[in-house]
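Report on the structure given below.
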Protein chains: 2
Amino acid sequence: MKKLPGKTVERLSGYRRNLLGYLAAGNNYIYSHELAALLHITAVQVRRDLMLIGYSSVQKKGYDVKELIDTIGTIIDSEQGQNIAVIGIGNLGRAITSYFKGKRSKLNIVAAFDNDPQKVNRVIAGVRCYPVEKMEHIINEQNITIALLTIPPDFARPVADAAIRAGIKGILNFTTVPLNVPLNVYLEEYDMITSIEKVAYFVKEG
Amino acid sequence: MKKLPGKTVERLSGYRRNLLGYLAAGNNYIYSHELAALLHITAVQVRRDLMLIGYSSVQKKGYDVKELIDTIGTIIDSEQGQNIAVIGIGNLGRAITSYFKGKRSKLNIVAAFDNDPQKVNRVIAGVRCYPVEKMEHIINEQNITIALLTIPPDFARPVADAAIRAGIKGILNFTTVPLNVPLNVYLEEYDMITSIEKVAYFVKEG
DNA sequence: TTCAAAGTGTTAATAAAATAACACTGTTTA
DNA sequence: TAAACAGTGTTATTTTATTAACACTTTGAA
Ligand SMILES: NC(=O)c1ccc[n+]([C@@H]2O[C@H](COP(=O)([O-])OP(=O)(O)OC[C@H]3O[C@@H](n4cnc5c(N)ncnc54)[C@H](O)[C@@H]3O)[C@@H](O)[C@H]2O)c1
Ligand SMILES: NC(=O)c1ccc[n+]([C@@H]2O[C@H](COP(=O)([O-])OP(=O)(O)OC[C@H]3O[C@@H](n4cnc5c(N)ncnc54)[C@H](O)[C@@H]3O)[C@@H](O)[C@H]2O)c1
């Protein structure tokens with residue numbers, strides 16, 4: 001299958017999450033406009049996204065919720081699952097880890113890295129924390145492909161580079177420092193301060 | 001001034017942050033391509049964004065860093081500043097609060113709201129935590145315009161509605177539940193799980 | 001059984017964002 | 001002083017994302 005637009009992937013993730021709740025509430029079928037309403041988007045967008053992943057409904061009853069959840073899974077999950085490491089298990093790293101742990105069967109946070117002697121070699125928020133020096137070893141051993149970067153900005157670049165050298169293939173960067181990665185590594189950046197400033201701007205402008 | 005595109009506002013926030021570092025490193029002038037390099041975008045994009053805010057350089061030395069920082073401030077900050085409340089001061093709320101506190105002179109987190117008796121009426125991560133029942137009162141009294149929503153998903157909607165009734169004009173929603181807000185309220189949503197799943201998808205697809 | 005209603009998949013049109021192109025202005029240097 | 005250069009501001013083009021339009025299918029009521 002051709003690579004999907006990033007925006008579509010984001011929405012698919014949202015569809016699945018909302019569908020799980022919808023299914024749990026005892027509903028087995030859903031119309032495009034209903035799914036759209038759950039996410040506050042338009043029905044056309046839903047249908048277009050589903051078209052892109054080649055999913056078709058049994059007509060007139062809407063989409064089979066369970067089937068659709070599974071289909072989205074085959075598109076966005078990898079069959080064997082992927083392992084994740086949190087680099088920098090401070091306030092934010094800990095919050096994310098304890099929140100995410102167990103939420104997705106195909107995505108597991110299996111290790112944390114830190115350089116604080118107080119944290120190293122202990123289990124924090126349910127995952128073992130290793131010293132950064134062992135990063136290469138552990139990333140290989142545990143087959144970790146994704147890194148969540150939550151260390152102080154000053155160390156973001158060198159540590160990210162080290163993670164990439166160790167074999168990381170995707171980074172979600174929460175630091176305020178823009179990273180530069182080779183083409184074979186996928187980078188997603190989220191800057192919370194920017195989000196807050198953006199809200200402030202649009203509140204001001206009305 | 002005409003309202004700027006959201007994407008431009010996001011970049012302006014990024015420009016300013018990087019310029020502050022650049023200035024601190026002792027540089028007083030910067031070319032568009034240098035600023036672009038800091039953020040890993042193109043020089044055209046920088047120039048286009050600056051065009052939109054009507055900023056012009058004294059030619060040939062590049063942009064005056066200090067002046068540009070100030071100009072961006074006049075665009076994205078409100079003169080009198082804005083007050084922020086964190087709703088739900090759990091793991092994530094605490095991480096954000098302690099991180100953000102004092103970072104922006106025009107944006108202050110001045111209150112937290114929670115319903116946990118253990119937290120209420122105490123100072124957490126540097127801000128006073130009030131019971132949710134007092135939300136309307138405090139939001140008015142402290143002139144709070146922005147809410148960071150970090151409560152469990154089940155309560156996201158009713159509590160957001162209450163905040164809006166109390167006078168909140170902008171929400172940054174970190175819960176996994178899509179919100180619906182009136183037109184005069186600005187809503188920004190960030191879904192961390194979606195971000196992680198997106199990284200996983202693009203790692204899988206290469 | 002036929003006709004209206006509701007919902008889907010897809011193609012076409014529109015809008016938004018990023019990129020390219022380029023004329024213009026100072027700056028350097030020959 | 002003139003010619004080459006570097007960098008800017010702006011308009012034009014391309015690309016991407018969203019929205020609209022519509023023909024088709026199923027359903028159910030008349
Ligand atoms: N806390 C937030 O809500 C928030 C919001 C936006 C951005 N951020 C960014 O996330 C990052 C972390 O924020 P935080 O609040 O969790 O900070 P924190 O200080 O609580 O955590 C940082 C962690 O990184 C570890 N660390 C420091 N240097 C390291 C190194 N060289 N190698 C490995 N580990 C190292 C520290 O021991 C600590 O555990 C920062 O870059 C910050 O800009 C945080
Ligand atoms: N922790 C993360 O990194 C993370 C990541 C993505 C999304 N989220 C979302 O952020 C939210 C909070 O996550 P968390 O990990 O901080 O959870 P948490 O349980 O640590 O914190 C939730 C806080 O909200 C308070 N609360 C509960 N009900 C309330 C109510 N009705 N009114 C006011 N306060 C109430 C609780 O007392 C607690 O302090 C969740 O919706 C979660 O989906 C968290």
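Predicted model, so just to flag it, every value in this text is computed and none were measured. Each chain gets a letter, A, B and so on, in the order the sequences are listed, and its residues count up from 1.
- Dashed line: the shortest gap from a side-chain N or O of S32(A) to OP1 or OP2 of dG7(C) is not under 4.0 Å.
- Summarising the geometry, the separation between CG on L50(B) and C1' on dG7(D) is reported as 13 Å, rounded to the nearest angstrom.
- Between Y29(A) and the phosphate of dT8(C), there is no side-chain N or O to OP1/OP2 separation shorter than 4.0 Å.
- Computed from coordinates, the I30(A) CD1 to dG7(C) C1' distance equals 14 Å when rounded to whole Å.
- No donor-acceptor contact under 3.5 angstrom links the side chains of E188(B) and Y190(B), judged on distance only.
- One atom, NE2 of H33(A), and another, C1' of dG9(C), lie 16 Å apart when rounded to the nearest Å.
- Following rounding to the nearest Å, D49(A) (CG) and dG9(C) (P) show an atom-to-atom distance of 12 Å.
- Between the side chains of N91(A) and Y99(B), not a single donor N or O lies within less than 3.5 Å of an accepting N or O.
- Aromatic ring pairs are classed by plane angle as parallel below 30°, tilted from 30° to 60° and perpendicular above 60°; the pair F113(A) and Y130(A) is tilted.
- Rounding to whole angstrom units, CG of residue D64(B) and C1' of dT8(D) are separated by 16 Å.
- Interatomic distance, CG of L35(B) versus CD of Q45(B), reported as 11.0 Å (0.5 Å rounding).
- Within the structure, every side-chain polar atom (N or O) of S57(B) is placed at least 4.0 Å from both OP1 and OP2 of dT8(D).
- With rounding to whole Å, K61(B) atom NZ is found 16 Å from dT28(C) atom C1'.
- Rounding to the nearest 0.5 Å places CD1 of I41(B) at 13.0 Å from CZ of R48(B).
- Taking CD1 of I75(A) as the reference point, atom OG of S13(A) lies at 13.5 Å (rounded to 0.5 Å).
- Not counting sequence neighbours, Y22(B) has no partner by the ring pair (Phe, Tyr, Trp, His ring centres under 6.0 Å) test.
- Taking atom CD of residue E67(B) and atom C1' of nucleotide dT8(D), one finds them 15 Å apart after rounding to whole Å.
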message = Generate the contact string for nucleotides 10-20 of chain D. Rules: B means base contact, S means sugar-phosphate contact only, - means no protein heavy atom under 4.0 Å.
response = BBB----SSBB
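- Atom OH of Y63(A) and atom C1' of dG7(C) are 8 Å apart (whole Å).
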